[in-house]
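Here the structure is laid out as structure tokens; the discussion comes afterwards.
Worth knowing before you read on, the calculation uses all heavy atoms, side chains too, and leaves out hydrogens, waters and symmetry mates. Bear in mind the structure is a predicted one, so any value in this text is a computation, not a measurement.
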Amino acid sequence: MKYFLLAILVTIVLFVDISKGYGQCSSCSVTVNVSGTSSAGITATAANQIVCITGSGTYNGSINLNYQNNVTLCVGNNITVSTSATVSNTPTNARINNYGTWNNSMNVGSGLYQSGVIYNNYGTVNTDQIQLNSNTINNYGSFNVTGGVIVNSGSNINTFAGSTMYMGGNLTVNSGGIVTLAGVMGVGGSVTNNNIIRGGGGPCGGLDVTGTFTNNGSGIIQNNGGLVINKTPSPNSGTLEPTVGVSNINPSITSQPSNVSTCPGGNASFTVATTPAANTYQWQVQTGGAGPFTSIAGQTGSTLNLSGVTSGMNGSVYRVLVYSCPNFVISNSATLTVNPNVSGTIASTNVNCNGALTGSITITPSGGSGSYHYSINGGTTWQSSATYTGLGAGSYNVRIRDAGNTSCSAILNASYSITQPALLTASISKTNVLCNGASTGAITITSPSGGVSPYQYSINGGSYQSSGSFTGLAAGSYTLNIRDANNCVVALPSQSITQPSLLSATVSKTNVLCNGASTGAITITSPSGGVSSYQYSINGGAYQSGGSFTGLAAGSYTLNIRDANNCVVALPSQTITQPTLLSATVSKTNVLCNGASTGAITITSPSGGVSPYQYSINGGAYQSSGSFTGLAAGSYTLNIRDANNCVVALPSQTITQPTLLSATVSKTNVLCNGASTGAITITSPLGGVSPYQYSINGGSYQSSGSFTGLAAGSYTLNIRDANNCVVALPSQTITQPTLLSATVSKTNVLCNGASTGAITITSPSGGVSPYQYSINGGAYQSSGSFTGLAAGSYTLNIRDANNCVVALPSQTITQPTVLSASETHTDALCNGASSGTATITATGGTAPYSGIGTFTGLAAGTHSFTVTDANGCSSTVSVVIGEPTVLST
């Protein structure tokens, strides 16, 4: 029974948006114009003709397509083709476009009038039965078949969103036939599928079967963008995709639309409530309360919102079709009443100063109930006062409404204008800073206009002055204001005073070969910044064009670079180092017997300078051994010489003989530069009378010969016996390693958000190798390379073999801003054409970019474009090119 009701309903409802142009037969070659009832025949006379039946009424005549190639029959939207009309001599490539009501049989010849014919229904079809042989039916409206439908190979039935198709008999889809459902199809008989039944991507693509539903082995039932069936096929030996919905719930309206009253220009809303929640809705209107209901484009929600209601809409009736796919129900009708409106006149006061808020609007009302509300912002806010003050120049949407009936309102002027004087303006010139960090910039304001003279000027919010000249400016951004005689103030374009980039250069040095010599050098290369040519100065001396300074002793040197503008910048100070002073441990053996020559001096543990080392005693020839024997009591001078021929005198030694006090002195050098871990130990006292006491650097005597906690330096030692006899022991020099240092370089992140940064520590020196390195307080590693770093600040340490630790300069890894691609596009002009365009632009990253520009010849669909910057960073944007619906005639 539901299909008879469905058949009755769908015959009076067109699911077509008439505003899209459907129902129009244009470019007609042969036309019959109907007024009332017509039996006049119509015949195609040439290929490619459009044969049209237009006007209003019922057509009973003959339609002879005369086997003309590529002929189109167009039936107007107010035409009914009756059962008495005939269609003959249909060519295989004919097209029938029905915008009206088709009550004629289609069961002629081998198929739909002829194999190959395409039937496009935008209106209503009522026919008996259909067999499709290489035919296509495209249904946008209401299609009713009292009998059955057979879809043979090469044939298609396509139902589009909002359409209905009903057949009282059976639906048979044979091999090669396809049924695509974006709309609703009802079958009063049975369905047998031997090929494909699928969804079409519509909001309600549904198949409602009353009889049996058979899906044979070759049959496929596909979701394909959305398909709902009311029962599971049984028997089913074919393919039923699991995403196909199965539902047989009839929607129920729990709350019907109510009548609405409003005024011209007002808004109106109609709402329906349903259970269960419906899949979709389609609102319809009966204009003026008479004639057929037509669908309203885009109104597919549970609420119909009408804006800008006109008096011509008074008495129109609205209703909604509610879907619970594949079933639907129609709501009760509701009437729109449009009441009379109010009016008024407007007076105003314009603004005194451009951009000020001294304007006003006063409204004088008329009509309505006598009490009013007013709005000057298009009805966003309302007030009971008819006067608005404190207004700026501009366009105001002035409205009035009846306070007793707020739905009645009128737009007095949608763009009422409050004017103002011309904007104050002036010309601006600037002079940039010559030297980075100086204040030699200037800004000059001339040619003032607008407002009322005389004019005054202000910079960065300071006091106003009559002169437009501002000097002594540093590089930076400056805000500028101009003020006229009426105290109207306007901000002029901000100015940016620039300066040359900071002078810089690369500085390298050559250290001294021998401690105390002057063989060091400093070289300045790769100058940049400022304005060439460049000159250089060391320790405040005269400038020279060359960056080479030689003959330097160890020490700290200040360096300056000067450019062609006489801008001077201090370059990094350099410290010329020298090898540590040659030294060694000297031990001696005193004469066993006074006057004998059994004394010896031994030089061990040489350090400093550059090995290998040689040794000399009393100015004699150098030898590779530090052992000198057969010495008599006396004083001996000792020298040590390194591979650079640097010579240093070692502490002289005195060979004693019995009775003379003596002792053995040893030392422990400092492990880490700047520490106090050195020690001197005096042992094996001989001669004199025990007990013995010892003193260091002239300090108090102590019974222990151990002196600890010593910093690097030279120390004098004494031994004293019980008779207060004092003998100076050999002075000792406690040494320390040079200060740990290294060169640090960094690599910044190429792409925003990546971790491609790196820090490299090279050229370690000082301390005792091997060296290790740590970043951000982490574990030490033997390599000075840290990779995979994100943008940020990093602390660095170096540690030597003695576990001495020194902090290296912290580093900041930077990154570019985010690379972003954006697009603007134009859709294809014609369905199926490749006339779309896309313009791709990019921001962020590092210019120049590749992949930007305008791309033409694009077909409808989604296109992906990738923009790549100079660092190889990429960003992808998708462009959806649209196209019109298929042009049909």
Sequence neighbours left out, what passes side chain to side chain donor-acceptor pair (under 3.5 Å) with [X]? Give chain and number order.
{"X": "T506", "result": "none"}
{"X": "S765", "result": "S741"}
{"X": "T525", "result": "none"}
{"X": "S822", "result": "T841"}

For [X], which residues count as a side chain to side chain contact (heavy atoms under 4.5 Å, CB included) partner, sequence neighbours excluded?
{"X": "T580", "answer": "T738"}
{"X": "V569", "answer": "L502, L503, I561"}
{"X": "S501", "answer": "none"}
{"X": "S820", "answer": "T843"}

Review point. Nearest heavy-atom pair of S545 and Y536: which atoms, and what distance?
Key: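 Residues S545 and Y536, closest heavy atoms: O-CE1, 3.4 Å.
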Point to revise | Nearest atoms (heavy-atom pairs only) where A663 meets P685 | key: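 The answer is CB-CA, 4.0 Å.
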What's the separation between atom [atom1] in [X] and atom [atom2] in [Y], rounded to the nearest 0.5 Å?
{"X": "K746", "Y": "S810", "atom1": "NZ", "atom2": "OG", "value": "11.0 Å"}
{"X": "Y771", "Y": "S782", "atom1": "OH", "atom2": "OG", "value": "14.0 Å"}
{"X": "Q736", "Y": "N802", "atom1": "CD", "atom2": "CG", "value": "12.0 Å"}
{"X": "S874", "Y": "Y849", "atom1": "OG", "atom2": "OH", "value": "13.0 Å"}

Can you confirm whether [X] sits close enough to [Y] that some side-chain heavy atom of one is under 4.5 Å from a side-chain heavy atom of the other?
{"X": "T814", "Y": "V749", "result": "no"}
{"X": "L789", "Y": "I775", "result": "yes"}
{"X": "I813", "Y": "F786", "result": "no"}
{"X": "L808", "Y": "I761", "result": "yes"}
{"X": "V531", "Y": "L434", "result": "no"}
{"X": "S695", "Y": "Q693", "result": "no"}
{"X": "S706", "Y": "Y694", "result": "no"}

Review point. Side chain to side chain contact (heavy atoms under 4.5 Å, CB included) between L661 and L686: does it pass, once the steps are laid out?
Key: CA-CA 5 Å; L661 281 171; L686 297 173; over 6 Å; no
Point to revise | Contact list for residues 429-445, test side-chain hydrogen bond (donor to acceptor under 3.5 Å, both in side chains), sequence neighbours left out | key: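 For residues 429-445, and leaving out neighbouring residues, the side-chain hydrogen bond (donor to acceptor under 3.5 Å, both in side chains) pairs sorted by first residue read N432-T498.
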Check your understanding: Which residue pairs satisfy the side-chain hydrogen bond (donor to acceptor under 3.5 Å, both in side chains) criterion with at least one member in residues 549-563, sequence neighbours excluded?
Key ->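 Those involving residues 549-563 are Q535-R562, N539-T558, S556-T575.
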Point to revise | Listed once per pair and sorted, the disulfide (SG to SG under 2.5 Å) pairs that draw on residues 781-820, sequence neighbours left out | key: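 The answer is C672-C804.
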